[in-house]
Amino acid sequence: MKLIYLLLLQTFLFAYQDLGVVGKTYNIEEADAMEEFQKNADKVNKKELQYKILAAIEKNLHADLNLGFCKKDLTKSRDVRAILKQSVVIPEGDIYIPEGTVDTSLDYGTYAYLTINLNSKEEFEYYRKNRPQQSLLIATGDVRDERIKKVVEKFILDTDLARQLGITCTPSIVTLRNGILEVKEVYLKREGSNAK
């Protein structure tokens, strides 16, 4: 038994022994990172970079999503609370969430947005008369438009967001309440249109 303890002790001691380096060693020569950054920064065409940044900002202030006009009043709704398809186990955090649990984080807020084409005078009039100061999702137009400067929440609607929310035409009122997403499409009589 003592022999086993001695062998184990020798193994542990051997593991912590410094065996050194075999072969020739070389100094590592590296340039200072900050000096390299500064050298490369001095090479940048600052006017061109400024132009590119301003062009990118400009692009993100203007919406150009061509959604059709709503052809009839229609309301679509769906439950967007997620149901876990399998249990989640995170032992490090002592977390267990069983399969079938419903995400209730969306139960406590109410959000409403009007999706609008700012280039349509009929849609802007609808907004002005019925929903002033409501948060906007802009399908076409510019967020800097003077007519909506008092609106606090205004966002550009892109293709992905429109698809995820189920927005297919303008104007549409998007509401999220108690985990239910509702998209209400609003028909408006347009100049030159015979219907309604």
Side-chain angles (χ1 to χ4, degrees), residues 49-86 88 90 93 95 97 100-196:
L49 179 62
Q50 185 179 18
Y51 174 78
K52 286 179 179 178
I53 290 171
L54 290 174
I57 291 170
E58 176 75 23
K59 180 183 175 197
N60 289 316
L61 294 174
H62 187 79
D64 196 24
L65 180 61
N66 258 337
L67 295 176
F69 299 138
C70 296
K71 297 187 181 353
K72 63 181 178 177
D73 291 335
L74 178 70
T75 301
K76 305 177 279 187
S77 63
R78 62 187 163 106
D79 191 338
V80 292
R81 293 171 290 195
I83 298 173
L84 284 179
K85 296 189 185 337
Q86 62 186 34
V88 174
I90 305 172
I95 296 171
I97 305 170
T101 301
V102 176
D103 177 7
T104 58
S105 62
L106 296 172
D107 285 350
Y108 304 106
T110 299
Y111 309 95
Y113 298 92
L114 174 64
T115 304
I116 188 172
N117 174 352
L118 285 177
N119 299 335
S120 163
K121 67 181 182 182
E122 294 88 359
E123 289 185 35
F124 186 76
E125 277 303 306
Y126 172 78
Y127 164 71
R128 192 179 63 74
K129 288 179 182 174
N130 300 301
R131 306 205 168 265
Q133 306 303 323
Q134 182 172 6
S135 301
L136 291 176
L137 289 173
I138 302 169
T140 54
D142 199 302
V143 294
R144 298 166 294 181
D145 191 314
E146 284 293 315
R147 300 174 297 171
I148 59 169
K149 70 180 180 182
K150 291 183 180 178
V151 177
V152 177
E153 286 190 331
K154 46 194 168 197
F155 304 99
I156 300 294
L157 181 66
D158 65 10
T159 308
D160 291 334
L161 183 58
R163 184 179 35 73
Q164 289 170 358
L165 295 176
I167 301 170
T168 57
C169 61
T170 61
S172 294
I173 302 162
V174 180
T175 309
L176 178 62
R177 183 180 297 116
N178 298 328
I180 305 298
L181 177 70
E182 180 180 277
V183 177
K184 180 180 178 187
E185 299 176 354
V186 180
Y187 170 79
L188 296 178
K189 185 171 181 178
R190 311 254 174 199
E191 196 174 286
S193 138
N194 297 338
K196 227 176 186 181

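- Counting heavy atoms from C-beta outward, Y113 and T175 have side chains that stay 4.5 Å or more apart.
- Inter-residue side-chain proximity for Y111 and V174 is flagged as unmet; no heavy-atom pair is nearer than 4.5 Å.
- Residues E125 and E122 form no side-chain contact, since every pair of their non-hydrogen atoms from C-beta on lies 4.5 Å or further apart.
- In this structure, K184 contributes its side chain and S172 its backbone to no donor-acceptor pair below 3.5 Å.
- Atom NZ in K154 sits 8.5 Å away from atom CG in D145 (nearest 0.5 Å).
- Contact of the E123 side chain with the F69 side chain is registered, since non-hydrogen atoms from C-beta on lie closer than 4.5 Å.
- Between D73 and E185 there is no side-chain heavy-atom pair separated by less than 4.5 Å.
- Rounding to the nearest 0.5 Å places CD1 of I138 at 9.5 Å from CG of L157.
- The shortest distance between side-chain heavy atoms of T110 and L176 does not fall below 4.5 Å.
- In this structure, a donor-acceptor pair under 3.5 Å is absent between the side chains of T140 and D64.
- Note that CG of L118 and CG of L136 are 7.0 Å apart. Values are rounded to the nearest 0.5 Å.
- Inter-residue side-chain proximity for F124 and N117 is flagged as unmet; no heavy-atom pair is nearer than 4.5 Å.
- More than 12 heavy-atom neighbours from other residues, nucleotides or ligands sit within 6.0 angstrom of NZ on K76.
- Comment: E58 engages R144 in a salt bridge, judged by a side-chain N to carboxylate O separation of less than 4.0 angstrom.
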Step-by-step side chain to side chain contact (heavy atoms under 4.5 Å, CB included) determination, D158 to L65: CA-CA 6 Å; D158 65 10; L65 180 61; 5.8 Å; no

Criterion side chain to side chain contact (heavy atoms under 4.5 Å, CB included) on L114 and L137, from CA distance to verdict: CA-CA 6 Å; L114 174 64; L137 289 173; over 6 Å; no

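- For T101, there are no side chain to side chain donor-acceptor pair (under 3.5 Å) partners at least two apart in sequence or on another chain.
- Considering CG of N119 and OG1 of T170, their distance stands at 10.0 Å, rounded to 0.5 Å.
- Atom OH of Y51 has 12 or fewer neighbouring heavy atoms from other residues, nucleotides or ligands inside a 6.0 Å radius.
- Across R190 and S120, no two heavy atoms sit closer than the pair NH1-OG, 2.8 Å.
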Verdict with supporting geometry, V186 and Y126, side chain to side chain contact (heavy atoms under 4.5 Å, CB included): CA-CA 10 Å; V186 180; Y126 172 78; 3.7 Å; yes

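- In summary, the side chains of S77 and E182 do not present any donor paired with an acceptor at a separation below 3.5 Å, with no hydrogens or angles considered.
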Stepwise side chain to side chain contact (heavy atoms under 4.5 Å, CB included) test for V183 and I173: CA-CA 6 Å; V183 177; I173 302 162; over 6 Å; no

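- Between L67 and I167 there is a side-chain heavy-atom pair separated by less than 4.5 Å.
- The backbone N or O of A112 lies less than 3.5 Å from no partner atom in the side chain of R177, so there is not a single donor-acceptor pair.
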